[in-house]
Amino acid sequence: MYGKAFAPEYQGSLTTLSVNSSLVDVLAAATEQLRAAQRGGSPAEAARAGLAVAEAHRRLGQVDEADREWKASYRAARVAGDLGAMAWALWSGGTLARQRGALALAWRLLGLAADLGERGGDIVVRGYSLAGMAETGRIQGDYEAVGALHEKLLAEARKRGEARHTVWALEGIAQMHRNTGSYDSAYAMFEEAAGIAAQADDRRGHAWALRGMADIISVRDGDAERALKLLSEAELTCREMNLVSALAYNHKMRGNVFYRAGRYEEARAMYQQAWDEFRGMSEPRGEALARLGLIKSRARLGRDRDRTAEDLSELAAVLERIGLRHVRRMVERAREEFGLTEALEVAR
């Protein structure tokens with residue numbers, strides 16, 4: 001049995017905020033509390049309010065502000081001698097680094113956060129930090145290295161009845177199943193995640209689960225209309241909660257659905273929109289995925305083969321630098337799709 005989802009990153013006087021609170025509202029409340037803590041000379045409270053400010057900025061795609069605030073939160077926590085608050089600030093910084101494509105930095109910061117969380121006796125931040133490390137490895141495509149960690153964290157979350165973390169782990173494992181072709185297993189896990197999220201009133205987790213279900217329905221069943229209906233439901237949540245990153249990924253997936261259905265002009269328009277959104281928030285992984293879809297859609301609409309080959313080679317070089325191996329493999333499959341099988345022109 002799972003309890004109501006909660007947001008442990010909203011701390012101190014901000015614990016009354018819901019996991020479903022609008023990020024604009026979170027930012028306003030946390031900023032007000034941060035200023036009050038600074039005026040009152042309370043570094044411990046400033047660290048915890050600053051964490052919520054950093055996370056709101058990050059989720060709104062305001063990466064420069066998020067970078068400034070997690071560092072300020074860490075400094076305040078260090079002044080207060082609060083290992084747990086230091087760990088949470090590092091978790092926020094590591095999550096931001098992953099979002100920005102700095103995967104080695106993300107791994108290092110999240111590892112430090114997990115260690116501080118353990119030393120400080122905060123099992124929640126330790127779990128979130130290990131989960132962040134697992135997710136970093138997963139988006140790199142290193143499933144063998146992090147698959148067992150995902151399963152371990154899922155078991156721990158189930159044991160504690162922690163809905164939000166259970167949903168996260170289920171969705172991560174489901175994504176690995178989906179990317180390796182085990183569509184039925186992936187769909188079952190996305191569906192379970194959606195059910196738990198709905199029961200626990202975790203609207204963010206529910207929106208991500210619906211996106212995963214829509215993907216499987218599109219690629220496995222070829223049912224574009226049902227997939228688009230699920231994405232529309234998820235998009236409503238993203239807009240109501242100001243989940244700009246999740247909304248961009250929703251738009252990218254909508255492009256995927258259109259592309260698989262042979263609706264290439266609609267796919268091109270949606271990939272372009274998602275690409276612009278990802279570039280606006282400096283999220284390289286989403287940007288790469290949207291750009292790949294855009295290149296493929298343009299090719300289907302008659303773009304010159306040589307230009308398509310150049311675009312794919314350029315994208316492959318970017319992915320090589322970032323270290324996104326799974327997306328890199330998707331580029332190679334795109335070259336095969338369009339008969340562009342000559343050697344990839346990637347700077348080594």
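These numbers come from the heavy atoms of this one structure, side chains and all, not from hydrogens, waters or symmetry mates.
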Test: [X] and [Y] ion pair at under 4.0 Å:
X	Y	answer
Glu235	Arg239	yes
Arg263	Glu225	yes
Glu135	Arg285	no
Glu233	Lys229	no
Arg68	Asp64	no

Q.
Please evaluate residues Leu243 and Arg204 with respect to the criterion side chain to side chain contact (heavy atoms under 4.5 Å, CB included), reporting the C-alpha separation (whole Å), side-chain torsions for both, the decisive distance (0.1 Å), and the verdict.
A. CA-CA 8 Å; Leu243 302 175; Arg204 181 186 294 115; 3.5 Å; yes
Taking [X] for its side chain and [Y] for its backbone only, find out whether a donor-acceptor pair lies under 3.5 Å.
X	Y	result
Glu171	Ala209	yes
Asn20	Arg203	yes
Ser218	Ala214	no
Arg305	Phe338	yes
Ser21	Ser18	yes
Thr15	Gln11	no
Asn250	Leu231	yes
Gln99	Arg58	yes

Please examine the side chains of [Y] and [X], heavy atoms only from C-beta on, and report whether any two atoms are closer than 4.5 Å.
X	Y	answer
Val26	Arg59	no
Leu153	Trp168	yes
Val244	Glu277	no
Leu116	Trp88	no
Glu156	Lys159	no
Leu90	Leu110	no
Ser92	Glu69	no
Thr166	Glu192	no

Out of curiosity, does [Y] fall in the hydrophobic cluster containing [X] (side-chain heavy atoms, cut-off under 4.5 Å, transitive links)?
X	Y	result
Tyr259	Val331	yes
Trp70	Leu23	no
Tyr271	Val257	no
Ile322	Leu105	no
Leu14	Val19	no

Any idea which heavy atoms bring [X] and [Y] closest together, and the distance?
X	Y	answer
Ser73	Ala47	OG-O, 2.6 Å
Ala234	Ala207	CB-O, 3.6 Å
Gln175	Phe190	OE1-CZ, 3.7 Å
Arg335	Ser313	NH1-OG, 3.3 Å
Met281	Ala248	CE-CB, 4.1 Å
Gly50	Leu34	N-CD1, 4.1 Å

Do Arg279's NZ or CZ and the ring of Trp275 fall within the cation-pi criteria of under 6.0 Å and 45°? yes
With rounding to the nearest 0.5 Å, note down the distance linking [atom1] in [X] to [atom2] in [Y].
X	Y	atom1	atom2	value
Leu230	Ile217	CG	CD1	5.0 Å
Leu324	Leu289	CG	CG	8.0 Å
Arg138	His150	CZ	NE2	4.5 Å
Arg307	Leu312	CZ	CG	12.5 Å
Met270	Leu294	CE	CG	12.5 Å
Gln38	Gln33	CD	CD	10.5 Å

**OP:** Check the surroundings of atom CD in Glu265: do more than 12 heavy atoms from other residues, nucleotides or ligands lie under 6.0 Å from it?
**Re:** yes
More than 12 heavy atoms of other groups within 6.0 Å of Arg220 CZ: yes
Tell me whether the centres of the aromatic rings in Tyr264 and Phe258 are closer together than 6.0 Å. no
State yes or no: are the ring centers of His165 and Tyr128 separated by less than 6.0 Å? yes
Which of Arg226, Arg254, Lys252, Arg178 passes salt bridge (charged side-chain N to carboxylate O under 4.0 Å, His left out) with Asp215? Answer is Arg178
Only one of Arg303, Arg291, Lys296 passes salt bridge (charged side-chain N to carboxylate O under 4.0 Å, His left out) with Asp311, and that residue is Arg303
Before giving the answer on salt bridge (Lys or Arg N to Asp or Glu O under 4.0 Å), spell out for Lys71 and Asp67 the whole-Å C-alpha distance, their side-chain angles and the decisive distance to 0.1 Å.
CA-CA 6 Å; Lys71 290 174 180 175; Asp67 189 57; 3.1 Å; yes
* Asked: After noting the C-alpha distance and the side-chain angles of Val318 and Arg321, does the key distance pass the side chain to side chain contact (heavy atoms under 4.5 Å, CB included) rule?
  -> CA-CA 5 Å; Val318 171; Arg321 289 195 298 271; 3.4 Å; yes
Steps toward side chain to side chain contact (heavy atoms under 4.5 Å, CB included) verdict (Met176, Met189):
CA-CA 11 Å; Met176 288 188 281; Met189 297 190 86; over 6 Å; no
* May I have the step-by-step check of side-chain hydrogen bond (donor to acceptor under 3.5 Å, both in side chains) for Ser245 and Glu283, ending in yes or no? => CA-CA 8 Å; Ser245 179; Glu283 188 159 336; 3.0 Å; yes
Candidate pair Met133 and Val146, rule side chain to side chain contact (heavy atoms under 4.5 Å, CB included), full reasoning: CA-CA 8 Å; Met133 295 174 72; Val146 300; over 6 Å; no
